[in-house]
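Just so we're clear, the structure is a prediction, and the values are computed from it rather than from any experiment.
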Amino acid sequence: MEAPAKQLNADIELLRAYSVLAVLYEHITSIVGLPNIEQIRSHWSGWTGVDLFFVISGFVIYRSLDSTVGYGMPARDAVRETVMFWIRRFWRLAPAGWFWLAAGIVLIVIDDPREIGSRHENISDLIASLLNFENFHRFACNAWQGQCGALYPHYWSLSLETQFYLILPALIVVLPRKYLVGVLVGLIAMQLPMRRPANGDVIGWFIRTDGLAWGILIARLSATEFYRFVEPTFLSGGIARCACTFGGLFAIGTAQYFWRESFFLGLVAIIAALLVLAASFGKGYIASPPGLRRALVWTGQRSYSLYVSHLIVFKGVRELCRALHIYDDSWPGKLAYLALAYSLTVAAGAMTHNWLEMPLRQRGREYASAYRARMTRSTRIAAESRSTAEGGAHA
């Protein structure tokens with residue numbers, strides 16, 4: 001049975017918004033070298049927004065799966081529900097992701113290779129992203145002094161999540177819940193002391209699954225009696241809510257100060273998990289700046305489309321600004337680029353969400369339902385055939 005549609009959790013959407021805005025900030029500041037912003041970036045980095053995304057993904061996806069797939073269920077039912085889950089995820093993610101992979105081809109053809117890398121490098125990235133092994137491809141580039149392009153680096157995290165989606169249903173079916181929890185705790189503990197330098201030549205950076213594991217553990221906790229005892233009711237107060245939300249986001253961004261320590265990525269995942277735990281109750285425990293809550297929830301709902309589109313738009317707008325002679329090293333030129341890049345990224349994300357993501361998500365639900373009906377009909381026909389055969393044998 002398909003999971004019923006769940007009510008919107010505005011707190012989760014707020015965290016999604018903060019995550020994608022952090023990533024956009026990280027990437028735009030690496031393209032435009034504004035001295036003051038660079039100084040801020042040296043103290044607070046936005047790449048950790050990806051780790052917050054991972055925790056959110058683990059939480060949301062496990063809750064979706066746990067209502068349809070479980071330990072010890074008949075193999076036929078497990079296969080059916082797993083395939084339905086994969087169908088829904090494919091139509092939820094692939095069309096928008098593939099569209100922006102294709103859009104990047106225009107830049108591969110017209111852009112300066114010194115800015116985005118060679119055509120060969122970017123086509124290699126495109127293929128790896130399309131086949132969902134971009135995280136391993138990026139690792140190979142770093143480990144063996146290879147070259148990767150600059151158009152699709154953000155797709156590595158989507159590849160990791162897709163690999164996670166493929167494996168998780170099998171773990172849920174095969175492992176009793178207490179053993180699943182043990183595996184997840186072991187996965188976190190194993191990675192905590194692991195040296196994982198940022199974008200380095202260590203595979204741990206590109207398969208950092210501790211955030212995903214934390215998200216699943218929070219989802220498991222939410223189905224137990226103990227969950228109500230960890231509810232952070234003190235966050236009902238505005239001061240505490242702001243302090244914990246923005247303090248947590250600040251702590252995640254400044255964790256780079258510990259990058260020489262083996263535990264720094266594990267620390268990021270733990271702080272992100274605490275934020276997602278607070279958001280999981282859906283009771284307004286995540287703060288937002290005055291007057292911006294609705295806009296941030298809107299952004300969170302479109303965070304996937306913003307994520308897949310932003311680098312292509314950023315680099316495409318840079319080419320447009322150069323063609324119009326409004327991009328240079330002056331403050332006015334860079335500010336004009338920033339304003340146009342952010343505006344068009346929001347527009348691209350909104351259009352991708354409205355015209356691709358939402359209609360095709362519904363298409364995925366329809367295909368999953370059709371698959372269920374086909375499998376149910378096949379099972380019924382098989383059962384009737386066996387019953388007829390057994391009746392004939394006894395006649």
Side-chain angles (χ1 to χ4, degrees), residues 9-30 37-60 153-154 156-158 160-161 187-188 191-200 204-218 230 232 235 240-281 285-289 292 296-297 299-300 303-304 306-307 310:
N9 184 332
D11 285 348
I12 290 292
E13 299 304 333
L14 283 175
L15 290 184
R16 281 180 167 144
Y18 294 142
S19 299
V20 76
L21 290 174
V23 172
L24 264 60
Y25 152 81
E26 176 71 15
H27 287 158
I28 197 71
T29 53
S30 67
I37 295 179
E38 281 294 321
Q39 191 172 6
I40 295 172
R41 186 165 168 253
S42 68
H43 298 290
W44 191 90
S45 181
W47 59 260
T48 48
V50 171
D51 294 87
L52 184 51
F53 267 132
F54 284 156
V55 182
I56 295 169
S57 182
F59 170 74
V60 171
H154 54 309
W156 79 265
S157 63
L158 303 180
L160 178 59
E161 288 197 37
L187 195 61
I188 292 169
Q191 293 180 82
L192 187 59
M194 187 183 296
R195 177 181 168 273
R196 295 180 284 176
N199 285 312
W205 173 267
F206 298 99
I207 55 169
R208 55 187 200 258
T209 51
D210 39 354
L212 293 165
W214 275 116
I216 298 171
L217 288 175
I218 294 168
V230 298
L235 295 180
R241 182 166 60 247
C242 288
C244 288
T245 299
F246 299 118
L249 294 171
F250 178 79
I252 288 175
T254 55
Q256 62 177 339
Y257 279 110
F258 300 100
W259 71 270
R260 293 183 183 275
E261 306 295 336
S262 60
F263 61 79
F264 96 103
L265 265 183
L267 179 64
V268 169
I270 289 170
I271 300 170
L274 291 173
L275 288 170
V276 173
L277 175 63
S280 68
F281 291 91
Y285 292 149
I286 301 299
S288 59
L292 293 180
L296 286 169
V297 169
T299 301
S303 58
Y304 175 70
L306 289 167
Y307 186 80
H310 76 280

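- Counting only heavy atoms from C-beta outward, the side chains of D11 and F281 never approach each other to under 4.5 Å.
- S303 places a side-chain N or O within 3.5 Å of a backbone atom of G300 that can act as its donor or acceptor partner.
- Side-chain N or O atoms of T29 include one that pairs as donor or acceptor with a backbone N or O of Y25 at under 3.5 Å.
- The distance from atom CZ of F54 to atom CG of L212, rounded to the nearest 0.5 Å, is 6.0 Å.
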Show every donor-acceptor pair shorter than 3.5 Å between a side-chain atom in residues 242-251 and any protein atom, with sequence neighbours excluded, or say none if there are none.
{"from": "T245", "atom 1": "OG1", "to": "R241", "atom 2": "O", "distance (Å)": "2.9"}
{"from": "T245", "atom 1": "OG1", "to": "A287", "atom 2": "N", "distance (Å)": "3.0"}

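- Residues L15 and V55 have side chains not in contact (no heavy-atom distance under 4.5 Å, counting atoms from C-beta outward).
- In terms of heavy-atom proximity, A213 sits nearest to I188 at CB-CG1, 3.8 Å.
- Separation of atoms CG (L275) and CD1 (I12) is listed at 10.0 Å; rounding is to 0.5 Å.
- A search for salt bridge (Lys or Arg N to Asp or Glu O under 4.0 Å) contacts involving E13 returns R16, not counting sequence neighbours.
- Smallest separation of non-hydrogen atoms from Y285 and A278: CD1-O, 3.6 Å.
- Taking F206 as the reference, W156 meet the ring-ring contact (aromatic ring centres under 6.0 Å, His included) condition, with sequence neighbours excluded.
- Rounding to the nearest 0.5 angstrom, the gap separating the CZ atom in R196 from the CG atom in D210 is 4.5 Å.
- Among residue pairs with one or both ends in residues 42-52, those qualifying as salt bridge (charged side-chain N to carboxylate O under 4.0 Å, His left out) are D51-R208; sequence neighbours excluded.
- Here the shortest heavy-atom pairing between L235 and A240 reads CD2-O, 3.6 Å.
- Taking OG from S57 and CD1 from I216, the interatomic distance works out to 8.5 Å, rounded to the nearest 0.5 Å.
- Counting only heavy atoms from C-beta outward, the side chains of V297 and L14 approach each other to under 4.5 Å.
- Under the ring-ring contact (aromatic ring centres under 6.0 Å, His included) criterion, H27 pairs with H310, sequence neighbours left out.
- Looking at L277 and W214, their side chains never come closer than 4.5 Å, going by heavy atoms from C-beta outward.
- Between V268 and A255 the shortest heavy-atom distance is CG2-CB, 3.4 Å.
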Can Y18 and I286 be said to form a side chain to side chain contact (heavy atoms under 4.5 Å, CB included), step by step? CA-CA 11 Å; Y18 294 142; I286 301 299; 4.1 Å; yes

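- The line from CH2 of W205 to CE of M194 is 14.0 Å long, rounded to the nearest 0.5 Å.
- Residues S280 and F59 are in side-chain contact: their nearest non-hydrogen atoms beyond the backbone lie under 4.5 Å apart.
- Contacts of S45 classified as side-chain hydrogen bond (donor to acceptor under 3.5 Å, both in side chains), with partners at least two apart in sequence or in another chain: E26, W47.
- Using a 4.5 Å heavy-atom threshold, the side chains of L306 and T299 count as touching.
- When side chains are defined from C-beta on, V50 counts as touching Y307, because their heavy atoms get closer than 4.5 Å.
- Side-chain atoms of Q191 come within 3.5 Å of backbone atoms of T209 as a donor-acceptor pair (strictly under, hydrogens ignored).
- No side-chain heavy atom of T48 sits under 4.5 Å from any side-chain heavy atom of L52.
- Once rounded to the nearest 0.5 Å, the distance linking OH of Y304 with CG of L158 reads 5.5 Å.
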